[in-house]
Amino acid sequence: MERDLSNTQEFAALKEAHAAMKADANAFSMFQDFQNMQMTLQQKQMQGQQPTEDEIKAAQDLAGKVGEIEVVKNLMEKEQAVDQMLSQINQVITKPIQELYQG
């Protein structure tokens, strides 16, 4: 299944978009900063801590800046396509379970 996923058009497009984003040093740096900030906020929440208003605002500001970069927009679009494909696969896989409980 892993190999099949790697061979899909959606994954190939995501891989290409990721490479293009990494090739843009500024975009890649900002994207990494955004991912690190997200991870930090998620860890705080998992530990039962609420992010401060300043942390939330900083994350929103960075998300806005990152979201304006064309190569990052393209990457996000490709991620959505892969997510949709995985969702469809999940529906197919779990269909017997859904039918069991519905029937």
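Note that this is a predicted model, so its numbers are computed, not measured.
Heavy atoms only, all atoms of each residue included: Met21 and Val72 are closest at CG-CG2, 3.9 Å. Nearest heavy atom pair, residue Phe34 against residue Ala59, reads CE1-O, 4.1 Å. What you find for Ala81 and Glu10 is that their closest heavy atoms are O-CG, 4.1 Å. When all heavy atoms of Val66 and Met30 are compared, the closest pair comes out as CG2-O, 3.7 Å.
Within 6.0 Å of atom NZ in Lys44, more than 12 heavy atoms from other residues, nucleotides or ligands are found, so the atom counts as buried in its surroundings. Crowding of Glu55 atom CD: a count of heavy atoms from other residues, nucleotides or ligands under 6.0 Å exceeding 12. Atom CD of Gln98 has more than 12 neighbouring heavy atoms from other residues, nucleotides or ligands inside a 6.0 Å radius. Around CD of Glu53, the count of heavy atoms belonging to other residues, nucleotides or ligands within 6.0 Å does not exceed 12.
Proximity of a side-chain donor or acceptor of Asn74 to a complementary backbone N or O of Glu70 within less than 3.5 Å is not detected. Side chain of Thr8 to main chain of Phe11: a donor-acceptor pair is present (N/O by atom type, distance under 3.5 Å, no hydrogens or angles). Side-chain atoms of Ser29 do not come within 3.5 Å of backbone N or O of Ala25 as any donor-acceptor pair. In this structure, the side chain of Ser87 does not engage the main chain of Asp83 through any donor-acceptor pair within 3.5 Å.
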Yes or no on salt bridge (charged side-chain N to carboxylate O under 4.0 Å, His left out) for Lys65 and Asp61, after CA distance, side-chain angles and deciding distance?
CA-CA 6 Å; Lys65 289 176 186 174; Asp61 289 347; over 6 Å; no

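The CG atom of Asn7 sits 10.5 Å away from the CD atom of Glu2 when rounded to the nearest 0.5 Å. Rounding to the nearest 0.5 Å places CE of Met37 at 5.0 Å from CG of Leu62. Note: Gln43 CD to Gln49 CD = 10.5 Å, rounded to the nearest 0.5 Å. Distance check, rounded to the nearest 0.5 Å: OG1 of Thr40 to CD of Gln45 gives 11.5 Å. To the nearest 0.5 angstrom, Glu99 atom CD is 10.0 Å from Thr94 atom OG1. For the atom pair CD (Glu77) and NZ (Lys73), the distance works out to 8.5 Å, reported to the nearest 0.5 Å.
For the pair Leu86/Leu5, a side-chain contact is recorded, criterion being any heavy-atom separation below 4.5 Å from C-beta on. Looking at Leu75 and Phe31, their side chains come closer than 4.5 Å, going by heavy atoms from C-beta outward.
Hydrophobic clustering, with ILVMFWY side chains joined whenever heavy atoms are under 4.5 angstrom apart, groups Met85 together with Met1.
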